[in-house]
Amino acid sequence: MTLLPITLYGDAILKKKAKKVHKVDDKLMTLIKNMFDTMHNANGMGLAANQVGSDKSVFIVDISSVKGHEKEKPRVFLNPVIVEESEEKIPFEEGCLSIPELRAEVVRPKGIKLIYQDLDLKERELTDDELLARVIQHEYDHLNGVFFVERIETDELKKLKKSLKKIQDRKIDIDYPVAPKAK
Ligand code: ZN
């Protein structure tokens, strides 16, 4: 098992737009395997490549630990694009491995349609309007350099400023490996 250090709020790579994957080689397969180890170790449901310091357009999702979703398989998404969003929006409490211990309610479209490529670079389509749709939207945001806390009300965000600064300065106890503070 290889645990990669997770980048935290404030790290430059988390504000960058991910780069398209053109080939699936051993290096990428190792990255994805290590991402699963890292995510499972930290009890996460999703992880984007820039959360472990890679600029590739890749995220993984595994919601099988959640009641009612036990049969869900771990999923890998390459070069994802959300092509449709439902008009209906719903609030849901989110957390993030790059923003430890902080949770906030985020309003997002309930359902989405996603186009992505699988590990054979074959184009796939996924439609969902439950938990999977929520996790995908959160991870998709990461690949575009967006944090869930940037989608909450300004007043709410203000209340979180102190906690976010602490995370940025590593003044918190985290029970999984994290990347050193960016200079
Ligand atoms: Zn996140």
Side-chain angles (χ1 to χ4, degrees), residues 3-19 21 31-32 34-66 69 72 74-82 85 89-110 112 114 116 126 128 130-153 156-157 159-161 163-170 172-182:
L3 299 181
L4 303 170
I6 294 179
T7 52
L8 296 185
Y9 183 86
D11 293 2
I13 192 156
L14 288 171
K15 291 309 294 173
K16 283 186 187 145
K17 204 172 153 43
K19 291 185 182 136
V21 173
L31 172 74
I32 291 166
N34 293 344
M35 281 172 70
F36 273 109
D37 286 349
T38 303
M39 178 179 75
H40 287 139
N41 174 67
N43 296 316
M45 285 192 277
L47 191 72
N50 55 1
Q51 291 184 278
V52 292
S54 162
D55 63 2
K56 297 271 186 294
S57 181
V58 179
F59 66 73
I60 58 168
V61 173
D62 185 358
I63 57 170
S64 63
S65 64
V66 182
H69 298 276
E72 279 284 346
R75 295 169 186 264
V76 180
F77 300 89
L78 305 181
N79 305 321
V81 183
I82 292 178
E85 295 177 339
K89 293 185 178 188
I90 53 162
F92 189 84
E93 197 184 70
E94 296 187 22
C96 180
L97 295 179
S98 294
I99 311 181
E101 314 229 322
L102 203 147
R103 306 189 71 83
E105 205 162 78
V106 186
V107 177
R108 295 186 192 266
K110 186 170 188 282
I112 51 144
L114 184 83
Y116 66 99
L126 183 146
D128 192 76
E130 289 187 60
L131 180 63
L132 192 56
R134 175 58 65 150
V135 179
I136 284 173
Q137 290 179 80
H138 177 114
E139 299 312 325
Y140 184 70
D141 265 357
H142 274 304
L143 297 184
N144 290 297
V146 178
F147 290 104
F148 78 96
V149 291
E150 291 166 327
R151 292 199 179 274
I152 62 178
E153 299 284 336
E156 288 300 306
L157 181 59
K159 288 184 209 159
L160 302 177
K161 276 271 144 70
S163 311
L164 289 170
K165 182 83 173 77
K166 273 187 189 167
I167 291 167
Q168 208 165 341
D169 293 339
R170 305 319 193 244
I172 40 159
D173 285 325
I174 310 168
D175 55 8
Y176 47 82
V178 297
K181 186 179 186 248

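Please read these numbers as outputs of a predicted model, since none were measured by experiment. Read the numbers this way: they start at 1 and go in the same order the structure lists the ligands and their atoms.
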- Those residues that, when tested against Asp128, pass side chain to side chain donor-acceptor pair (under 3.5 Å) (two or more places apart): none
- Message: With side chain to side chain contact (heavy atoms under 4.5 Å, CB included) as the test, pick out the partner of Met45 among Val66, Leu97, Val61.
- Response: Val66
- Message: Looking at Glu105, I'd like to know if its CD atom is crowded, meaning that more than 12 non-hydrogen atoms belonging to other residues, nucleotides or ligands lie closer than 6.0 Å.
- Response: yes
- Item | side chain to side chain donor-acceptor pair (under 3.5 Å): pairs with one or both residues in residues 36-46, sequence neighbours excluded | Lys33-Asp37, His40-Asp62
- Would you call the rings of Phe147 and His142 parallel, tilted or perpendicular, where under 30° means parallel and over 60° means perpendicular? perpendicular
- Note on the structure: Contacts of Arg75 meeting side chain to side chain donor-acceptor pair (under 3.5 Å) (sequence neighbours excluded), chain-then-number -> Glu72
- Mind listing the protein N/O/S atoms less than 2.8 Å away from the Zn ion (ligand 1)? Waters don't count. Cys96 SG, His138 NE2, His142 NE2
